[in-house]
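Step one of this worksheet: look at the structure below.
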Amino acid sequence: MKVILALLILASGMFTTATSFADPDSPYGTSKFESYRDIGSISQLKTVWDFNFADPKSVGVVFNNVNALIRATSDFGPLEIDPLKIVIVSHGPEIVVWAKQNYSKYKEIVDRAASLAKQGVRFEICRNAAAAQGFKPEDLHGFVTVVPAGPYALAYWQAKGYSLNAVGATMPTPPINDLNRADIAPKK
């Protein structure tokens, strides 16, 4: 028994000595890159994005996430004919971005959105939030579609098997705030 105890003490000393030589800044080792091995068993990724941002300019930042999803799907799969479906539902203060009257202010964001629409991304705008900001469907850019309500659209797409992606979405946000007040449609 004393021999076993001595060996355990010796072994623990060796372990302590071995770990003391490890890099103190990475005690947990090094990460590795890995894609999903079974991605080929999935025929299509479907996601609905919840846009409800206090700051309308946040739309442009979240487009980086949308582009990352598009690139990753292209690079890693699924490798089907139509591997990715994206719907963006906009139902907050950021609706001012989609208004024709604000094109010059949000040109870069709108042009990126139009480019995404050409790639198959569907843009849906909440009729209620648009109306609260003084916009009718004809006041908005042609690549967006006005739908009955944002929460209704989110529920609809999820019922059709789309996963909800609420990256960066703020909850809840009134349709008019200090960040978009100057961009809403003028009262008639």
Side-chain angles (χ1 to χ4, degrees), residues 35-36 39-100 102-103 106-133 135-176 179-180 183-184:
S35 188
Y36 299 104
I39 194 70
S41 68
I42 298 170
S43 61
Q44 190 176 65
L45 300 174
K46 300 186 301 186
T47 185
V48 58
W49 292 68
D50 182 358
F51 276 28
N52 184 355
F53 305 113
D55 183 354
K57 293 179 182 172
S58 296
V59 170
V61 175
V62 178
F63 281 166
N64 296 335
N65 298 88
V66 174
N67 280 324
L69 173 59
I70 292 169
R71 274 193 313 276
T73 302
S74 175
D75 291 347
F76 301 104
L79 303 174
E80 299 291 327
I81 292 172
D82 195 12
L84 181 62
K85 293 284 191 183
I86 300 173
V87 177
I88 293 174
V89 176
S90 179
H91 61 108
E94 76 287 343
I95 286 178
V96 297
V97 169
W98 316 121
K100 294 176 192 176
N102 297 321
Y103 178 66
Y106 299 108
K107 181 184 183 327
E108 182 181 330
I109 295 170
V110 173
D111 290 348
R112 283 181 75 190
S115 174
L116 289 169
K118 286 180 184 173
Q119 295 175 64
V121 175
R122 180 174 170 83
F123 287 84
E124 295 188 346
I125 309 304
C126 172
R127 177 186 66 174
N128 299 332
Q133 295 174 41
F135 298 118
K136 298 178 189 143
E138 59 268 20
D139 298 326
L140 307 176
H141 292 287
F143 63 88
V144 304
T145 301
V146 177
V147 295
Y152 179 77
L154 292 169
Y156 171 82
W157 289 108
Q158 288 176 82
K160 291 187 68 79
Y162 282 62
S163 64
L164 176 64
N165 193 327
V167 131
T170 56
M171 303 290 175
T173 306
I176 301 171
L179 295 169
N180 76 340
D183 301 324
I184 64 175

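Atoms considered below: every heavy atom in the structure, side chains included; atoms not considered: hydrogens, waters and symmetry mates.
With a 4.5 Å cut-off on side-chain heavy atoms, Phe143 and Val110 count as touching. Residues Glu80 and Gln44 are not in side-chain contact: their nearest non-hydrogen atoms beyond the backbone lie 4.5 Å or more apart. Side-chain contact check for Ile176 versus Pro93: every heavy-atom pair is 4.5 Å or farther apart. Proximity of Pro56 to Leu179: side-chain heavy atoms (C-beta onward) are separated by under 4.5 Å at one or more points. Val97 is not listed as a side-chain neighbour of Asn102, based on a closest heavy-atom distance of 4.5 Å or more. Annotation: side chain of Leu116 is not in contact with side chain of Ile86 (no heavy-atom distance under 4.5 Å).
With sequence neighbours excluded, the residues forming a salt bridge (Lys or Arg N to Asp or Glu O under 4.0 Å) with Asp111 are Lys107, listed by chain and number. Among residues two or more places apart in sequence or in another chain, the side chain to side chain donor-acceptor pair (under 3.5 Å) test is passed with Asp75 by none. Not counting sequence neighbours, the partners of Asp183 by the side chain to side chain donor-acceptor pair (under 3.5 Å) test are Lys105, Tyr106. For Tyr36, there are no ring-ring contact (aromatic ring centres under 6.0 Å, His included) partners at least two apart in sequence or on another chain. Trp49 meets the side chain to side chain donor-acceptor pair (under 3.5 Å) test with no other residue; sequence neighbours excluded.
Residue Trp98 forms a ring-ring contact (aromatic ring centres under 6.0 Å, His included) with just one option from Phe135, Tyr103, Phe123, and that option is Phe123.
Between Ala129 and Gly92, the shortest heavy-atom distance links the atoms CB-N, 4.4 Å. The shortest heavy-atom contact between Ala149 and Asn128 is CB-ND2, 3.6 Å. Smallest separation of non-hydrogen atoms from Phe53 and Val59: CD1-CG2, 3.9 Å. Residue Tyr162 comes nearest to Val87 through the heavy atom pair CE2-CG2, 3.9 Å, listed as atom of the first residue, atom of the second, then distance. Residues Val147 and Ala153 approach most closely at CG2-CB, 4.0 Å, considering heavy atoms. Between Gln133 and Asn180, the closest heavy-atom pair is OE1-ND2, 3.6 Å.
In this structure, Lys136 places its NZ atom where only 12 or fewer heavy-atom neighbours from other residues, nucleotides or ligands lie under 6.0 Å away. Sparse packing is recorded around OH of Tyr152, with 12 or fewer heavy atoms of other residues, nucleotides or ligands lying under 6.0 Å away. Atom NZ of Lys160 has 12 or fewer heavy atoms from other residues, nucleotides or ligands within 6.0 Å. More than 12 heavy atoms of other residues, nucleotides or ligands lie within 6.0 Å of CD in Gln119, so this atom counts as buried by the packing criterion.
Interatomic distance, Asn67 CG to Ser115 OG, rounded to the nearest 0.5 Å: 7.5 Å. One finds the OG atom of Ser74 at 8.5 Å from the CG atom of Leu79 (value rounded to the nearest 0.5 Å). The CG atom of Leu140 sits 6.5 Å away from the CD1 atom of Ile125 when rounded to the nearest 0.5 Å. To the nearest 0.5 Å, the span separating CD1 on Ile88 from OG1 on Thr47 amounts to 9.5 Å. Rounding to the nearest 0.5 Å places NZ of Lys46 at 10.5 Å from CG of Asp82.
Defined by atom type and a distance below 3.5 Å, a donor-acceptor pair is present between the side-chain atoms of His91 and Asp50.
Legend: salt bridge (charged side-chain N to carboxylate O under 4.0 Å, His left out) pairs involving residues 113-126, not counting sequence neighbours, sorted by first then second residue: Arg122-Glu124.
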